[in-house]
Amino acid sequence: MKGSRWYAIRVAPGYQRMAAVDERLPESRRMESIIERNCRKDGFDIFMPSFYTELRHHRTKQILQKRFPFLVGYAFVNLPWLNFEELRRVDGVVCFLRGANYGPLEFPDVTIEALYFAEHERRQAFLYEQHCRKENERHEQIQHLRGQLRKILPKGRKARVSMVDQAERAIDSLSPQIKERVQKIISELNALTVDAEVENLRKAV
C-alpha cells in the first residue's frame with residue numbers, strides 16, 4: 001500500500017448491493033457491488049470490506065452466494081492524487097467522512113490492512129463452511145443412490161461385498177431398462193467419489 005491515501009466515503013442507499021452480472025469482467029469482479037463497479041469504471045481504487053454467506057432461495061430452494069458489507073453505508077477509496085471533486089461525481093458517492101479539521105478524514109494504511117485481514121479471515125471461514133455443506137450434501141446423495149440400488153438388486157448379498165461391485169457383477173442379468181438405470185446410478189456414484197474430497201479441500205484453503 002505504499003503511496004496510498006485512503007479516505008472513507010458515504011455510500012448512497014442501495015449502492016452496496018451486488019451489481020448485475022457482467023460476463024465480460026474478470027472472475028475477481030463478478031460479485032462486486034454497484035458502488036465498486038462505478039468507482040472502478042472511473043479509475044478509482046475502492047475497498048469495501050465485505051463478507052460472504054449462502055442463502056437458500058425461498059421458492060426454488062437453490063443455494064445462492066451473497067456478499068454483504070461489513071460497514072453498512074461506507075467504503076474506502078484510495079486517492080493518492082487527492083482528486084476529491086472527481087470522486088464526488090461518481091454515481092453513488094454521497095460525501096466524504098470528515099475529521100475534526102472539517103476536511104476529508106484520511107485513514108492510515110494500518111487501519112486498511114487490518115480490515116483487509118479481517119475480510120480474508122472471514123472469507124476463509126466461509127469457504128470452509130461451504131466445503132462442509134457440499135461434503136454433507138455429497139454423502140447424502142451417495143446414500144440416496146445406494147438406497148436406490150438396494151431396491152433394484154437381488155436380496156441376500158454378502159455383507160463384505162460392496163453395493164457397487166454387486167451391481168457391476170449382476171448388471172448383465174438385468175432387463176435393458178433396469179440395466180440402464182443401474183448404469184446411470186453407478187456413473188453418478190463414481191462422479192461423486194472420484195477426487196471430490198481432494199478438490200473440495202483444495203478450494204477451501
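The chain is numbered in sequence order, starting from 1. All values below come from the heavy atoms of this structure, side chains included, with hydrogens, waters and symmetry mates left out.
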Q16 to L71 - nearest heavy-atom pair and separation: NE2-O, 3.4 Å
Minimum heavy-atom distance F51-P69, with the two atoms named: CE2-O, 3.7 Å
Neighbour count >12 (heavy atoms, 6.0 Å) for atom CZ, R10: yes
Among R67, K66, R133, salt bridge (Lys or Arg N to Asp or Glu O under 4.0 Å) partner for E54: R133
Candidate pair L87 and Y7, rule side chain to side chain contact (heavy atoms under 4.5 Å, CB included), full reasoning: CA-CA 11 Å; L87 181 61; Y7 297 87; over 6 Å; no
Connected via hydrophobic side-chain network under 4.5 Å: Y15 and V94: no
Atom pair CD1/CZ of I35 and F44 - distance to nearest 0.5 Å: 10.5 Å
Backbone N/O of K61 and side chain of R56: donor-acceptor pair under 3.5 Å: yes
Side chain to side chain contact (heavy atoms under 4.5 Å, CB included) between R5 and L82, intermediate numbers included: CA-CA 8 Å; R5 303 191 69 171; L82 304 181; 3.6 Å; yes
Main-chain N/O of A20 paired to R37 side chain as donor or acceptor, under 3.5 Å: yes
Reported CD1-to-NZ distance for the pair I63 and K134, which is rounded to 0.5 angstrom: 10.5 Å
Spacing of CZ belonging to R30 relative to OG belonging to S28, to within rounding of 0.5 Å: 9.0 Å
Distance-minimising heavy-atom pair for I46 and A75: CD1-CB, 4.0 Å
Backbone of D91 reached by a side-chain donor or acceptor of N38 within 3.5 Å: yes
Student check: side-chain heavy atoms of W6 and D45 closer than 4.5 Å: yes
From S50 atom OG to F70 atom CZ, the distance as rounded to the nearest 0.5 Å: 7.5 Å
Path from L105 to V11 over hydrophobic side-chain contacts below 4.5 Å: no
Approximate separation, where rounding is to 0.5 Å, of M31 CE and E36 CD: 11.0 Å
L115/F76 under side chain to side chain contact (heavy atoms under 4.5 Å, CB included): CA gap, chis, key distance, verdict: CA-CA 10 Å; L115 289 170; F76 298 91; 3.5 Å; yes
Pair R122 + E119: basic N to acidic O under 4.0 Å: no
Validation row: R98, P104 side chains within 4.5 angstrom (heavy atoms): yes
Test: E135 and R138 ion pair at under 4.0 Å: yes
Shortest non-hydrogen contact from V93 toward C39: CG2-SG, 4.5 Å
L127 and H131: CA distance, side-chain angles, deciding distance, side chain to side chain contact (heavy atoms under 4.5 Å, CB included) verdict: CA-CA 6 Å; L127 290 174; H131 161 72; over 6 Å; no
Distance-minimising heavy-atom pair for D109 and S4: OD1-OG, 2.8 Å
Pairing of R89 and E85 as salt bridge, 4.0 angstrom limit: no
Among F107, Y116, Y74, the one residue meeting ring-ring contact (aromatic ring centres under 6.0 Å, His included) with F47: Y116
Face-on cation placement of R88 at F96 ring, 6.0 Å and 45° thresholds: no
H57, NE2 atom: more than 12 neighbouring heavy atoms under 6.0 Å: yes
Rounded distance (nearest 0.5 Å) linking atom CD of E32 with atom CE of M48: 9.5 Å
